[in-house]
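Down below is the structure, laid out as structure tokens.
The figures that follow rest on heavy atoms only: side chains count, while hydrogens, waters and symmetry mates do not.
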Amino acid sequence: MENYKNESMVDVAYSVLKEMEDKISFKELYAKVTELIGLSEEEATNKMSMFYTNLSLDGRFAALKNGEWDLKERCVYDAKDDFNLFYDDMDNEEKENKDDDERDDSENNEGEDGIDIEDSSSEDDID
């Protein structure tokens, strides 16, 4: 067993995943990392959120479904699917905004020029 005491937790996580050659749950990964570093249960509990944050920000790791993690270098990434999801979200937002605009227009009684449609009489017509 290698001595990991002088390495960062994310570097240890990288070593663990590299040796495993497969994805792993966050809970299992964190347990292995804290064991290899030799953290007490209290220290491990106190550092869990920081480790998760650092793991998320480190470009070597990929968060997968069901709370599993793997090395990004092993993940197949289809940019086309990612762009489709992005554009689908944009289409949905545009549709929602258009629906909101239509609802706003129907709620006020102003025409395109900003004149109140219901009260079309002018002040000149009043005797």
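Under the 4.0 Å criterion applied to side-chain N and carboxylate O atoms, Lys18 and Glu73 are assigned as salt-bridge partners.
With a 4.5 Å cut-off on side-chain heavy atoms, Ile24 and Asp70 do not count as touching. A heavy-atom distance below 4.5 Å is found between the side chains of Lys47 and Tyr30. When side chains are defined from C-beta on, Lys32 counts as touching Met20, because their heavy atoms get closer than 4.5 Å. No side-chain heavy atom of Phe26 sits under 4.5 Å from any side-chain heavy atom of Glu68.
The two atoms that bring Ala44 and Thr34 nearest to each other are CB-CG2, 3.7 Å, heavy atoms only.
Listed by chain and residue number, nothing satisfies the side chain to side chain donor-acceptor pair (under 3.5 Å) test with Lys72 (two or more places apart in sequence, or in another chain).
Remark: side-chain polar atoms of Glu43 are paired, donor with acceptor, to backbone N or O of Ser40 under 3.5 angstrom.
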Show every donor-acceptor pair shorter than 3.5 Å between a side-chain atom in residues 54-67 and any protein atom, with sequence neighbours excluded, or say none if there are none.
residue: Asn54; atom: ND2; partner: Met50; partner atom: O; Å: 3.3
residue: Ser56; atom: OG; partner: Tyr52; partner atom: O; Å: 2.9
residue: Asp58; atom: OD1; partner: Arg60; partner atom: N; Å: 2.9
residue: Asp58; atom: OD1; partner: Arg60; partner atom: NE; Å: 3.0
residue: Asp58; atom: OD2; partner: Arg60; partner atom: NE; Å: 3.4
residue: Asp58; atom: OD2; partner: Arg60; partner atom: NH2; Å: 2.9
residue: Arg60; atom: NH1; partner: Asp11; partner atom: OD1; Å: 3.2
residue: Arg60; atom: NH2; partner: Asp11; partner atom: OD1; Å: 2.9

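Of the candidates Val12, Val10, Leu39, Val12 is the only one forming a side-chain contact (heavy atoms from CB on, under 4.5 Å) with Val33.
Atom NZ in Lys23 sits 9.0 Å away from atom SG in Cys75 (nearest 0.5 Å).
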